[in-house]
Number of protein chains: 2
Amino acid sequence: MRNQSGPVVLVVDDEQAIIDLLEYNLNRDGYRVIAARDGLEALRLARRERPDLVILDLMLPGLDGLEVCRSLRRESDTPVIMLTARVEEVDRVVGLELGADDYVTKPFSVRELMARVKAVLRRTATQDLDTAVVHRNGALSVDTGAREACFEGNPLPLSRLEFDLLATLVRHAGLVLSREQLLDQAWGYDYYGGLRAVDSAVKRLRAKLQAAGGDPIVISTVRGVGYRLERL
Amino acid sequence: MRNQSGPVVLVVDDEQAIIDLLEYNLNRDGYRVIAARDGLEALRLARRERPDLVILDLMLPGLDGLEVCRSLRRESDTPVIMLTARVEEVDRVVGLELGADDYVTKPFSVRELMARVKAVLRRTATQDLDTAVVHRNGALSVDTGAREACFEGNPLPLSRLEFDLLATLVRHAGLVLSREQLLDQAWGYDYYGGLRAVDSAVKRLRAKLQAAGGDPIVISTVRGVGYRLERL
DNA sequence: GAGAATTGCCGCCAACGTGTCACAGCCGCT
DNA sequence: AGCGGCTGTGACACGTTGGCGGCAATTCTC
C-alpha cells in the first residue's frame with residue numbers, strides 16, 4: 001500500500017461499525033488507523049502512538065469525549081475532529097472552545113469526513129514530514145512547505161489550485177495520473193464538478209511554465225488516460 | 001464505443017415519482033438505471049446486477065434503508081448515496097445513519113444529486129498508484145505506472161489500447177490468452193463489440209514492435225485459441 | 001463596493017484512435 | 001490436393017479526445 005507509514009489516525013468510538021467504516025476508508029487513502037472504544041483507552045493509545053490526528057466521538061462510555069479532548073489538548077497539539085450526534089449550536093461552540101479543529105455531526109457522509117481529515121492535516125502540515133518537502137525535477141522545484149515553485153530559476157506565480165496541481169504532479173513525477181486522481185489529490189473530495197476542469201487547470205499551468213522560459217512539454221498529455229509530469 | 005451501457009445505478013425508493021425523476025436524469029447523463037421499491041428487492045437486485053452505485057432512500061417499507069445500507073456494506077464495496085427526509089426527521093435516527101459515501105436531504109436539487117453521483121463514482125474509479133510495476137521480458141519492458149514501453153531500447157509510441165493490450169500480454173507472458181480474456185482485461189468488462197477487434201489491435205501492436213526493430217513474432221498466434229507473448 | 005484574479009464550463013475544431021468490413025492468404029485436416 | 005475455417009491486412013468511417021479561447025460566476029483584494 002501507499003504510505004506504508006502514512007499519517008496515523010486514532011479513531012475513538014464505541015460503535016464497532018463506525019470504527020470499521022472509518023478504518024476502511026482511511027486505509028484506502030493511505031492513512032494508518034488505530035482505534036479505541038472508550039476514553040481511557042483513547043488517551044492511553046494517544047500517548048503511546050502519537051497519532052497525527054484524532055477522530056473523536058463525543059458520546060463515549062466512561063470518560064466523556066469532551067474530557068478526552070481536553071486531556072489530549074493538555075498534553076499535545078494533536079488535531080482533533082469531533083463526531084457529534086447533536087446539531088445544536090451549543091455543542092459546536094463548546095467543542096471548538098475545547099480545541100477541536102473541526103467537528104462533524106452525525107449523520108455524516110464519508111466523503112465529507114474524509115475531506116475534513118485531509119483539510120485538517122493540511123492545515124497542520126507544518127510538522128508533517130511527508131508534506132513539507134521540496135520536490136525537485138530538473139529545472140523545476142516545488143516547495144510544498146512554503147508553497148513556492150521555481151522553474152529555471154524563475155519563481156512561478158501560481159494560484160492555489162495551480163500550485164496544488166503542480167505539487168501533485170511533481171510528487172508523482174513520471175507517472176501518469178488520471179483526471180480522477182488529480183481531482184482527488186489537488187481539488188479534494190468535496191469537489192463536485194466535471195473532469196474537464198483538469199484540462200483547464202493544466203492549460204493555465206502550462207502557460208505559466210512556458211512563460212517562465214521552459215518547454216511547454218514538461219506536462220505531457222497521455223491521450224485517453226491523463227497527464228504526466230516528465231521526469232527530467 | 002465504450003460504455004454503451006455506462007455505469008449502473010440502483011435507485012431504491014418507494015415513490016415511483018422519484019424513481020422516474022432520477023431515472024430520467026441519470027439516463028440523460030449516460031447512466032443505466034435499475035430500480036427497487038423496497039429493501040428486499042434492493043438487496044436482491046444489488047446482488048444480481050452489481051451496480052456501480054446505489055441511491056438509497058432512508059425510509060422504506062419493510063426493510064429499513066439503514067439495514068439495506070449495512071447489508072450492502074457487508075457484502076461489497078458498492079458506494080451508497082443516502083436520501084433522507086428533512087433534517088428534523090433525521091434526528092430520530094441520529095447516529096445510526098452511517099456508512100453512506102454521501103447523503104442528500106430531501107427535498108434535493110436534481111443538479112446537486114447528479115453532481116454527487118458523478119463525484120462519488122469518480123472517487124471510486126481512482127485506482128491505486130501502487131499498482132505501478134515494470135514488467136520485463138527480454139528486450140521488452142513495460143512500465144504500467146508511467147505507461148511507457150520500450151523494445152530493444154527504443155520507446156514504443158503506443159496508444160491507450162495498444163498499451164493495455166501489451167501490458168496484459170506481458171503480465172501473462174508465455175501463456176495463451178483467448179480473445180475473450182484479452183477483451184476483458186484490456187478493453188474492460190463493459191465492452192460491446194466483436195472479437196475481431198483484438199485482431200486489429202494485435203496487428204497494430206505488431207507493426208509498432210517491428211518498427212522498433214525487433215522480430216514481429218514476439219506475439220504469436222495460437223490458431224483457434226488466441227495470442228501469446230513469447231517468453232524471451 | 002469596484003476591480004482583479006481565479007476557476008469551472010462550454011462550444012468548436014482538429015487530430016487521433018479504434019471497430020468493422022471485405023477480401024486475401026494461410027493453416028490444418030481429410 | 002482440395003476444402004473450410006481462421007487469421008492477417010488495408011481502408012474507411014465514426015466516435016472520442018483534448019487544446020483553445022472565451023465567458024460567467026465566484027472569490028479575493030484593496
Side-chain angles (χ1 to χ4, degrees), chain A residues 147 149 156-166 168 176-180 182-184 186-188 190-211 215-228, chain B residues 1-6 28-30 111-112 114-116 118-119 122 147 149 156-166 168 176-180 182-188 190-211 215-228:
Chain A
R147 294 190 65 84
L156 290 167
L158 300 180
S159 73
R160 183 195 62 78
L161 179 64
E162 285 156 8
F163 182 87
D164 287 337
L165 175 59
L166 181 60
T168 304
V176 181
L177 300 179
S178 68
R179 290 178 176 72
E180 285 88 350
L182 291 170
L183 285 174
D184 264 356
W187 276 254
D190 39 359
Y191 171 74
Y192 296 133
L195 295 176
R196 301 293 306 273
V198 178
D199 298 41
S200 286
V202 168
K203 171 184 58 173
R204 285 157 184 148
L205 190 50
R206 277 172 172 160
K208 291 195 180 174
L209 286 172
Q210 191 168 24
D215 306 303
I217 50 165
V218 190
I219 301 175
S220 50
T221 305
V222 181
R223 186 169 246 265
V225 186
Y227 296 94
R228 175 181 51 207
Chain B
M1 223 33 78
R2 184 193 57 176
N3 282 352
Q4 197 61 287
S5 57
R28 217 178 36 175
D29 281 16
R111 256 189 84 68
E112 188 191 349
M114 289 299 131
R116 298 200 182 210
K118 227 188 306 174
R122 159 168 62 78
R147 294 189 67 87
L156 291 168
L158 300 180
S159 74
R160 184 192 64 78
L161 180 64
E162 285 155 9
F163 183 88
D164 287 336
L165 176 59
L166 180 60
T168 305
V176 186
L177 299 178
S178 69
R179 290 179 175 73
E180 285 88 348
L182 291 170
L183 284 173
D184 226 39
Q185 303 260 336
W187 276 254
D190 50 355
Y191 170 75
Y192 262 152
L195 294 176
R196 300 296 307 277
V198 178
D199 297 41
S200 282
V202 169
K203 171 189 58 171
R204 285 159 183 148
L205 190 49
R206 279 171 171 160
K208 291 193 180 175
L209 285 171
Q210 191 167 24
D215 306 305
I217 51 164
V218 192
I219 300 174
S220 50
T221 306
V222 182
R223 206 181 164 76
V225 187
Y227 297 94
R228 175 182 51 208

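The shown structure was predicted, so the numbers you read here are calculated from the model rather than taken from an experiment.
With rounding to whole Å, B:R122 atom CZ is found 13 Å from C:dG8 atom C1'. The NZ atom of B:K208 sits 9 Å away from the C1' atom of C:dG17 (whole-angstrom rounding). As rounded to whole Å, 10 Å separates atom P of D:dG19 from atom CD1 of A:I219. Between B:Y192 atom OH and C:dT20 atom C1' there is a gap of 18 Å when expressed in whole angstrom units. Rounded to an integer number of Å, the gap from B:Y191 OH to D:dG15 P is 15 Å. Spacing between atom CD of B:E162 and atom P of C:dG19 amounts to 10 Å, rounded to whole angstrom units. The CG atom of B:L165 sits 14 Å away from the C1' atom of C:dG19 (whole-angstrom rounding). For the pair B:R228 CZ and D:dT7 P, the interatomic distance rounds to 14 Å; values are reported in whole Å.
Using a 4.0 Å cut-off between charged nitrogen and carboxylate oxygen, A:D164 and A:R160 count as a salt-bridge pair.
Distances shown here put a side-chain N or O of A:W187 below 4.0 Å from the OP1 or OP2 atom of C:dG8. For A:T221 and D:dT17, the shortest distance from a side-chain N or O to OP1 or OP2 is not below 4.0 Å. OP1 or OP2 of D:dC20 has not a single side-chain nitrogen or oxygen of A:R206 nearer than 4.0 Å. For C:dT18, one of the phosphate oxygens OP1 or OP2 lies less than 4.0 angstrom from a side-chain nitrogen or oxygen of B:R160.
Across all strands shown, B:S200 has heavy atoms under 4.0 Å from base atoms, whether or not it also approaches the sugar-phosphate. Nucleic acid contact class of B:R196 (heavy atoms, under 4.0 Å, all strands): base. Among the atoms of the strands shown, none is found under 4.0 Å from any heavy atom of B:F163.
Residues A:L177 and A:Y227 are not in side-chain contact: their nearest non-hydrogen atoms beyond the backbone lie 4.5 Å or more apart. With contacts defined as side-chain heavy-atom distances shorter than 4.5 Å, the pair A:V198/A:E180 does not qualify. Here the side chains of A:K208 and A:L166 are not in contact, with every heavy-atom distance at 4.5 Å or above. Between A:Y192 and B:R116 there is a side-chain heavy-atom pair separated by less than 4.5 Å.
When the nucleotides D:dC20, D:dG8, C:dT7 are ranked by their closest atom to the side chain of A:K203, D:dC20 comes out on top.
The bend of the helix from C:dG1-D:dC30 to C:dT30-D:dA1, defined by the angle between the axes of its first five and last five pairs, stands at 40° to the nearest 10°.
The heavy-atom pair separating B:A186 from B:L161 by the smallest distance is O-CD1, 4.1 Å. Here the shortest heavy-atom pairing between B:R122 and A:Y191 reads NH2-O, 2.6 Å.
One N or O on the side chain of B:R206 and one on the backbone of B:I219 form a donor-acceptor pair closer than 3.5 Å.
Across the interface with DNA chain C, nearest-nucleotide mapping of A:P157 and B:G194 shows A:P157 to be the residue nearer the 5′ end. Toward the 5′ end of DNA chain D lies the nearest nucleotide of B:R223, the other residue of the pair B:R223 and B:Y227 mapping further downstream.
Residue side chain A:R204 reaches the base of C:dG8 through a donor-acceptor N/O pair under 3.5 Å, judged by distance alone.
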